[in-house]
Every structure is written in structure tokens, then in C-alpha cells.
Number of protein chains: 4
Amino acid sequence: MNRNFLFFLTISFVILINIKAQVYRKEFYIPDFNGYKTLKCDFHIHTIFSDGYVWPTVRVQEAWMEGLDAIAFTDHIEYRPFKKDVISDHNRAFEIAQELGQRSNLIVIRGTEITRRKPMGHLNAIFTTDNNAMDLKDSIQALSVANQQKAFVFWNHPSNEYGKWSAIQDNLFQKGLFQGIEVVNSNTYYPDAQQWCIDKNLTMMGTSDVHNLITFDYDLSRNGHRTITLVFTKDRSQEGIKEALISRRTAICWNNKIIGREEFLRPIFRNSISVAGIKLMKNGKGIYSGILFIKNISGLSFDLKTSGTYGGLSLPEKIYVPPVSTVAVSFDYQNTFKGVSKIEFPAEVLNFLAGPGKAMHESLLINLNIE
Amino acid sequence: MNRNFLFFLTISFVILINIKAQVYRKEFYIPDFNGYKTLKCDFHIHTIFSDGYVWPTVRVQEAWMEGLDAIAFTDHIEYRPFKKDVISDHNRAFEIAQELGQRSNLIVIRGTEITRRKPMGHLNAIFTTDNNAMDLKDSIQALSVANQQKAFVFWNHPSNEYGKWSAIQDNLFQKGLFQGIEVVNSNTYYPDAQQWCIDKNLTMMGTSDVHNLITFDYDLSRNGHRTITLVFTKDRSQEGIKEALISRRTAICWNNKIIGREEFLRPIFRNSISVAGIKLMKNGKGIYSGILFIKNISGLSFDLKTSGTYGGLSLPEKIYVPPVSTVAVSFDYQNTFKGVSKIEFPAEVLNFLAGPGKAMHESLLINLNIE
Amino acid sequence: MNRNFLFFLTISFVILINIKAQVYRKEFYIPDFNGYKTLKCDFHIHTIFSDGYVWPTVRVQEAWMEGLDAIAFTDHIEYRPFKKDVISDHNRAFEIAQELGQRSNLIVIRGTEITRRKPMGHLNAIFTTDNNAMDLKDSIQALSVANQQKAFVFWNHPSNEYGKWSAIQDNLFQKGLFQGIEVVNSNTYYPDAQQWCIDKNLTMMGTSDVHNLITFDYDLSRNGHRTITLVFTKDRSQEGIKEALISRRTAICWNNKIIGREEFLRPIFRNSISVAGIKLMKNGKGIYSGILFIKNISGLSFDLKTSGTYGGLSLPEKIYVPPVSTVAVSFDYQNTFKGVSKIEFPAEVLNFLAGPGKAMHESLLINLNIE
Amino acid sequence: MNRNFLFFLTISFVILINIKAQVYRKEFYIPDFNGYKTLKCDFHIHTIFSDGYVWPTVRVQEAWMEGLDAIAFTDHIEYRPFKKDVISDHNRAFEIAQELGQRSNLIVIRGTEITRRKPMGHLNAIFTTDNNAMDLKDSIQALSVANQQKAFVFWNHPSNEYGKWSAIQDNLFQKGLFQGIEVVNSNTYYPDAQQWCIDKNLTMMGTSDVHNLITFDYDLSRNGHRTITLVFTKDRSQEGIKEALISRRTAICWNNKIIGREEFLRPIFRNSISVAGIKLMKNGKGIYSGILFIKNISGLSFDLKTSGTYGGLSLPEKIYVPPVSTVAVSFDYQNTFKGVSKIEFPAEVLNFLAGPGKAMHESLLINLNIE
């Protein structure tokens, strides 16, 4: 149509507005690798059966909508501020949630938070068989019972407030009474804890520790999600998750960062990112130039810092790759080489932390076809 | 800068992402008028003390964040599926929420839902003094006690499922045992109920009847909010709200619609919308033409259907005015009149329902200054 | 952590805000099928070389960002309101855009809009070799030249304003001077045109006819995109597209609707939607019930209307499936049959229009495993 | 309604999706003060008449939609890469845009960019009367002509790339040939330039320097907008703007920061933010505690850093206040004082930069009523 007479002003349109929220599961893709399935899990969750503010089924629904694979209920044994109104024993939250979990294909795990003062602090036991059995005065004994139940035990939010690594942790560690540490709890990252996991060969955990609504703690729009532990399992089951936790095959996904062991971070990167091969053409100024397309099939974002120039090829130093998208970056090539060239262009993945403050080093694999 | 060498491709940028959700109160403006304050209220809310899924304080927080002024707790007396786990009496939800309400400057009202089978169905009593006193076998007696407590009583979701107006409602109405009806419950609008309120001089109510999380029922982004009753009060207090309810000074705000009595809808429209005066200029084809600016200072949107041409002036037939914005619409003017002209251009406000399916008729007041 | 003392109020958080827009290609997945690639194309686009408002390269950037595969430049020959300022011939827009297209891996097609008054109206010729050769007084001759250039010619926005099917279209059709019709132009759908394409075996086209910025006509957030023609090609190339257009292998994607021939709509549906098999369990009331998970791997949404009850199975009548998500719907099963059952549950896909106002009939393939 | 049988799963809802983008003006409120009107202006804009990519009217539409009051067209005189296709003189962009500006109530200003190599770099002259008269070889002469035309002249993007303050700037400054400097150009902030403006009493400018589409450079969702100069004028007119620029009454609004002279930043803060008076109550632990409500009526956000504890009152150290919202922060009060107390609680406004890296110091005015 001709619309020269039309700026923005002739017609005004009716907008139809959403009448209801849609309750659905948002699929959020993080690649599998090496035969492992990448499961998204939250192992630290509260309900009204301790100091949380919701009924256990709400936690199943929240997790299902966010695209999670598994959650563990970990109400405090020793701290139940609502007990005047909310009675029942320490297994109740799990028991209530279990059926909806089965129906929803979300793995629901029994657990509990053993809650002591500094210096011991709080520890979660998950895959327990009876939480009531941990309702004991003696901390060591409570942890021992958890381990007798074949639970996986990890230490929560190691910090000045709740206690950092001290003699008692040495003791627990010597006795093998815990197997992992929270490296991220809610929106707090503990770099120390990451180092301890590396040094002592413990499992790195990331949890929401949610008490109120998930949406009060996290902005779920724009690919946002809660703090989760990625668990790299042989199959999608309770047993699969437990085996992987014991084998330390985890990473933490929090605030657009992946925190964990390099051996797991690297294949996630490589199964997410690819660079399209490009045919070089001379631009107006007689320089070989072109556009590099970097494609990201995952729901993660990537913050890359390249070496700028390498092998005659110049790229921007900072490249941000959003989720499920392709970015295009201009480049120049100043070698005299012709034919096909394969360049492994060095880049740091700033949001993949292989150690405390230590970004993972990687390469962009680029095929150049030069006329 | 010169950027001719730059399409979109030279630089890629780092995006900083929200690390946390922000819990805050979103101010959502609906105008006051005629000395009345326009309060936003939800008088039908459930918690774990009947068949809701959250602790009472969550309801205060949800309402505060959405910009509401008042909420009533109306747990069922007769239906408490969680009573095996959640004990305490029928006043408990209110008692728990009250302090946070006071601290948050959100008016928290005691109430209860008297829950009977068809044909009577469910009725809410709010501003009660003791909900336990309504725990009676006899329905009429329960409602009588509510009225003795000086409660305001309204009939919920009149429908085939829960009962429509029948002999029993006639009886309750004759006895003066209820004063209002839900015209909108959650996302369902009952046009019949609107007509009954008009015919029988009852108060029109709109409520969320929320059981699970508010965000499961409503999309709060893009100016979305729950179903609310607008109450036009002499002051912002429990007493102010009660007096206004008894005096039927309400309207319902649901799904971008305002439903209620024309006497309240009209001033809301006029205090929201204004048209900027415009100086007419001849366009290239020798016709007087121009741009009309319609400004909306409220958080509501407006769906206008104009008469197209009136008094020589031609406007688009459909004009949508988003919240807190100005729209620009082109017009032609084909009269020979010169000087200043004041036109009251007829328009229906399609989303202001003064009766069942009956859009409010209004005018756009336009000042033309014609050369 | 214990947070009983904490409602929403103790801590306030710093939000980091985007400092720059991110220019990137949003990948928007529509499935391939039967060996055909599904390409997203817009064959009707204007620039400042006729009555559009942007330089040709902007059109390449807009299309790339939206995830398109191909665009055609179709400036008017006969209508160039900016010719006092913008000179150059009718091939210029294409020539300017071509290099950025190559560099961006976006297929850029030369074309033009032959622009006549009613009853003939406007026709687009794409895959032309020289647009200047169509700058002729005689309409039939101009179209003949386009066809001699092996162009693909389609009739634009058939409507009261620009002309509907009449004697002249009969004549052009007899002579084979056009091969397709716009069934959707910008945000207007012409059901008549869809019927004509079915009756006369013509290619169905959907185009943006963009003059100003794409974002002025379409809301690109929330999976929004412009009106496009889906072209089902043997390969991703100009020739591939042309062969598919001639063979009528197209559908239109507009406003969350897919409009086209059933033979193409059906495999798009089947390659997008799957239903997870489910094991039936009796619920508390002794009825077999469960949750059906419907997964959508495409970027499309689906509006399903089921038959409600079929083969003893009851589903909701309305099911909305958002893009890249899973929805969960409750069901009851009231047969006495046990074992494994495969049900083809009838459903209309309301937003897949196989004819004017004619929703496609499909089935949800459900595997039931009944205890 | 009873919904105990219902988790999220029984009903699935139809979502209505926007069929069209809505073109409208988003009102974005920044307070006026001291009798001055706060106007939002962008004085550095390109079109296809130099190296921009859009027709001049698009710039009016973009600015109108963003809520701006004024824009200046500043195409390069010396750099016109499209001149083979786009002819016409240096006044043309302004002339084309002028009428739509008048009709849209957007102030459109004639200007040009005088574009020289380092060390002089680029300078904008706005409020010119004939841009062609500046098409001169001699730079000083070109600037002299601009000043003879009573233009307001400012120096653009002072940087290593385009030149920083050197002998030539000294010379131009001595001669009074420029009156302002860009402190922010597009998304780059030049702290040096802010200091130079303070030291030499020049006007601080912030501009978009837009070449392509505004949405390519800025994310306009979530209260985003381009880099603008806030101009504090006696009236809303070309003359009003010019007088204010000459009098240095400006600030820059970029990336959620306000950059400028403290005398203007302070009243913007005070007319945006207010703290509701609060009645103190003892909490369960016998400590006076409460909730402080901080209300922001502006479209700006505020990043506050408080002194933590002051006068017995403890507040969070970090408080973020989003646009048009209220935040609630918990506090304790540990004085023995009773009655009414007025506290001026010290806080830095981290995103209000009164000097390079120098956050503005302010107070939150708090009325305490202690029982």
C-alpha cells in the first residue's frame, strides 16, 4: 500500500490484553554431554512445616513452571516458628508433595535441615528415610543418623553469620559426615566454599533456600531462574541424582554464571556455542573482512573476552551471546595466507567460573575460507 | 562519530542482568473524584487456614506489591481440607496478618466465607468480630449472626455451579441478610449479577478469590493486576470502606475493564483523559487536518469507539489509549467555520461497562483553533 | 538460613540495569518436514527509494534480528514521493542491501511493486533481473516483462480499496501473468484471497509491506514477529525459494496463526507437539485420573479445542500451548479397560487455518498405561 | 469456590496476544523545580542526509514515542557517504522534519555537525539559521559563522579517538567559539569532560548521536530511554531551551544516572522522593522497630547508600528505589527518646553524579512518632 500520507498517526489499534496468567513449564535448555543428562535441581527448600510461607505443593508447582527436574524438601528440625498452628512431624512436607511430584514428573526428594548454632551451623541431609530420627540433641549423632540413612549431607551457607570452616568442620569432614558444601545459597556466592570443594574433593552445591515465594527472590522474566545445582546424571531418577552427587558431578547455575569444575563447564560451553564458517571477502579498503556468526543453542548466556588479535584475525574483545540466539561480530583478517584456515581463537568465558574468580579459558573454533 | 563502517556488527556489548527480584510496591493510579478517595480492595482471599496454599502474611505482601489499599481474609468455615496439619480457629488468619498489615499501611479486614451447597451457595461476611460465632449448622442463623456483628455480607460467584438467584436468595434479600453480589469472581464475569445489583440496589463486588499464588491467576506484567473492587470512600480506613460499601459506592476493575454504576465510571474517565487543544493547519491537499493528542494520566487503558465524523470533524473510529501515555490520532476538518470551536465528540468507552454489555457513552472535549 | 524475622522488608537490593540494547538474531524455531526446510521470508518491503522511511541496509538488519531467512525489496516503480531528494534507479535498494545480505547470510532478493489504480491494483514481481525494464505505461506489458525476466509475480492486498478479483484479474490469470496472492498484508487477513488461492491453485503469500520501522507495526517482544511467508524449500537458496514458490509450498505466519494448505500445516503441528505417555493412578475418589503433559518444541503457540470426552477420557476443551513450553492438563479416565491404550484424541487447532475460517482438525496421540 | 481438587492443572487458558504494536508516547516523569520546566532533549541526531540510516520524520516519531520534548538535527556537513543517492543541501533534514514536529508538539531544532580531524574533532552547532554557510574549509571560520548565526555550539565526544582538550580547544574556548561539551555521547561517559565543564563554566550535554535505529542502541523496555540532556527552562519553547543552555541549566540522564551540577540534581531528588512518617511499635524482642516507606513519584530510579546507623536509627545500607514505586525497609530504633523526632538520615545517591565519580550527598527526611 502507499502510505506516504501516513506517519504514525492515522489509525490507532486495539490491543488485546492477556486475561489470565498462563501456568506452564518454561523449557530452559542446558546441554547434556558425555552420556550424562544435565538435570536442574534445587536441594534446599522450606515450607510452612518449618519457617517457609507456603504449602508443600506450591513448591512443586513453582519448580515445575521453572523447568526444574528435582527438588528436595529440607525444613528445619529444630526451628518451627509456626508450630502453634502447624503440627505434624518432620516428614510431612515431603509426604504431601510426593504425589503431585509423581504426577508432574518432577523428582521430589525427602530431606531436612539440621540446624545448629555456630560454629557447626546448618547442614542439609537429603535422600533421608525418616527425618524424625534426626531430632536429637547431639549434633554429631544427628549427622551420623543421617549418614546411616544413606543420606547425602552438605553444609549450608558457610559464612561469618553461620560459621566458616573451623575445627568442627575438620572433625565432621574427617568422619565423613558431610559430602558437599553450598557454594551459592540464594543470591550469595561463597568463593571460599568453592576452593574448599576443590581442595577437599567435595561436591559443589547451589540452592535457593527459598522461604517465601520464588518470585520474591528471583526475577523469572528474561530467562531468569533461581539458583540451581546442575547434576550430571546417568539417568533421570532419584538414584541417578544421588550417584552423581556422590561422584561430585555438579555445577552451579546462578545469576547467569556457571560455577564448577572445568571438566563439566567445558562440554557445556562446547555443546552450546558454535561458530559458522565464513568466506572472506575484501572490503572497500582492500582489507579482508567479514562477519563472524556465533550461535548459542542453549538457554544460557555467554560473556566472552577474546584476545583481540590472534593469527592475523581481529575480533572485538568483548562478545556477549544471549540465550537461544546468534550474534554477529565484524572482523578483519590481515594475513597473506589463502585457502582454508582453521583458527582456535583464545577466549575467556567470564561467566564460567572454574575456580574462585577464575574464568574458564576456551577457544572459538573458526573456519576461514580465504579467496 | 562517523559510523559508516559500522552496521550492527563491530561491537558486542555486555548486558548486566538483574541479580535479584525487587520486592516493591508498584503504584497504579486510578483517579479520585468528588471528594472520594478511590481505594483498591480485594475482599475474598484464602490461606492455609481453609483451602488456600499460603501463610496469611504472603497475602499482605502480594497485595502490598500490587498497590492495593485493603484486603479481607475470608477462609471457609465449613471447608478446611488441611485441618489434619493446620489447626487453630476461624479468626487465626486475620490475627496473623494484622500486624504486618499495620506496619505496611495496608488495611487488613477480618472476614469469613459461609459455605453452603446450592441453592444458597457461598457468602462472604467481612468486618466480622468473631468468625467462630458463624460456625453453625443453620445457614440463615449463621448469616444472622454475621449481620448482628455488623458485617457487610455479599453473595459469591452466582452461577450454575454454585447457584443462581432463586427462592432462597429472595428470602435472604427480603430479610436484608446480604448487601452485595460478586459481579466478577477471579476471571469470571457474571453479567446477570450486574443486572441484579442494578435492579435490587445492591453493591457490586469484584474479588480474586485467590487460593494459590496471585501470579498463577494473573499476569502482573504490563499493568496487569488481580480483580479488585474500587471503593470510593470518604477516608482511607476500615470505617471509610465499610460506609462506602453500604452506600454502594464501588466499581470493579478486571481485565482492563471497569464495571459499575455510570455515576462512578464517568468521573474516573474524565479525571483520566484529556485532549490537548490544537491549531488547525491546511495540509498539502488544501484540507484542514491535524493531530489530536489524547492524554491518559491514569494506570487504566481506554478502548474508545468514536462516531467517526461529527460536526465536520473526522476521527478514527477505534482509538486505544494505553496507561500513562499519550496517543496521537490524525483528523480532517471539513467545515468552513473559522475561529475557536469547542466540540464534544461522541465516543463509547468500550471497556467501561455501565450495564451488562452496555458500554458507557462519553464525549471527547476538543478545542479547535481554526485559522 | 532462618528468616522468620524477615518478611520482604529487611534488605533492599541493587538492580543492575541494561546499559545497552543488544543487537542479535533471535532464533525462532518452526520445524522442517518431509525433507523440506522451513524458511521465514518477507517478500514485500519498502525503502526510501520509494515511499519507505529507511535506508535498505536497515531492512537487512531488522530481518536478521527477527530470525528471517530471506527478504525481497519491492519499492514502487510508479510512486516515489522522495524523488526530489533521493535519486537513483529502481534497482538501487537491492544493490545497496545485497552485500550486507551476503555477509549476514540473509538471502536478499531483487523485486519491485508494479503500482496501478483499481481495478488492477498492485502486484509484486520478485526475482527480477532489471526493475527499470518494468517502468512502462502499459500494465500488461510491465507484467509481461516481469514474467519474461522469470520473476515470480503475486497480487498485493486484494481489497475494496485496491481492487478485488474482477475481469482484469481473470485476464491476468488466464495469461499466467501472476502466480500468487497476498492472503495477509501487514496486519490484514483476506479470507477471500485464501479461497481464491485454493480454487485457482495459486501460491498463498503473507508479507509485512513495511514502510516505516518494523517495531512500529509489530510488537516483537513475547515471541512476536512480522507477517511472514513460510516457504518449504529443497535447499536454503534463492533458487530453492523460487522453486518452492512456483510449486505453491508456502504458508503464512501472522499473529500467532498459520494459514495455508493442510498438507503443510499438519506436519508443522506434528513436528512441534508431542504428548508424554502417562501411567494412570486412581485418585482419592477412586477415579483414574492423571496429568497429561503436552510439549511444544517450536516457537509457535497452539490454541487447541478438544472434543472434551473421547474413549472414556475427559480433557479440558480449551488448551493453550505457549511457545517452547510444556502444559499440564488434568484428565479423568472412566473406562474399565486396563493395560496399554493408544488414543487419538480429536482436537481442532484453532490458530491453524486450512481454509477461510476453517480450523485444522488433528489428534493428540496419547499413550495410556492403566494399572 | 472450593479448589482443593485443583492444582494448576485442570484448566488451560486462552491467551490473547497483541496483534499490533501500539505507537504511542510513553510519559516519563522527571520533576520540574524552582519554576523551571524540566525538558528532555536530544541535540545530536543523524539522518540519511549525512551518515544516518533513516528519513528525518522517523527521528520525530522515535523521539515523540520516547516522551522527548525537543530534538536537533545535526547531520555532518563534511561527511555524506550517501550523496550519490541522496542529494539536497545541509538544511534539508530539518526542513523535512519541521512540519511533523509542529503537528506533534515536539520542538525540532536546526543544527549541523562541523566535522574535522583531530585535534579539533567534531562540534555541533544548534539553533543555526543556515547550515550551508558553515560549509567552509577553514574550521575557525566555520565556527565563527555558527556563532554569528547565534547558534549554541558544543564539542562532541572528547576522546582519544576524536581528540581531547588541547591547544586548539584552548584557542576556541578563549575566542568563545563553543559553550558546551558532551559529557555523555551515546553510551560513553567522559568524566574528564564533566570536570572541564565545572572548571571552565561550560554547559554539560548528553546526546544519543544516533545513526541507525534508536532501538539498536537502547533497550526501551523497563523504563529505558536514550541518552538525553535535561534542560531546565523558563518555558517550553526553542527560545526557552536556548536561554537555558546558555545559562548552563542542564543535566544528563543516561543509563539510570543523572550527571550534572548539584544545584539541579538536589531538587530533582527532593521532588521525586518522600518518606512516609511512621509510628514506632515495639517488636516481639522489645525493640522499637518498624517499616520505612520510601516513595518515588518520578520515572527515575534511585540507588541509595545510607550511613547505616544514625541518631539511634538503623537502616539498610543499600536501598534501591525503582521508578514510580514505594519500597519498604525495616528499621530498628535504639534511643530512649519518646515523642516526635525528625531525623535527617544521611544517604549518598549513588546514581546522581555531581562530579566525576562523585555521588551526591543527601538526606532522607524521616518523621518518627515514638510511643
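Proteins get letters first, then strands, A, B, ... in listed order; numbering begins at 1 in each.
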Please round to the nearest 0.5 Å and tell me the distance separating atom CD1 of B:Ile291 and atom CG of D:Asn105.
-> 10.0 Å

Residue B:Ser289 versus chain D: region with a heavy atom under 4.5 Å = both

Kindly compute the distance separating OG (D:Ser325) from CZ (B:Phe28), expressed to the nearest 0.5 Å.
-> 15.5 Å

Donor-acceptor contact below 3.5 Å, side chain B:Arg25 vs main chain D:Lys295 = no

Kindly write out the residues that satisfy ring pair (Phe, Tyr, Trp, His ring centres under 6.0 Å) with D:Phe82, not counting sequence neighbours, or none if the list is empty.
-> C:Trp55, D:Tyr53

Steps toward side-chain contact (heavy atoms from CB on, under 4.5 Å) verdict (B:Trp64, D:Thr326) = CA-CA 10 Å; B:Trp64 182 82; D:Thr326 299; 4.3 Å; yes

Taking atom CZ of D:Arg236 as the centre, report whether more than 12 heavy atoms of other residues, nucleotides or ligands fall under 6.0 Å from it.
-> yes

With respect to chain D, which residue among B:Asn296, B:Val324, B:Asn156 yields the maximal number of heavy-atom pairs within a distance under 4.5 Å?
-> B:Val324

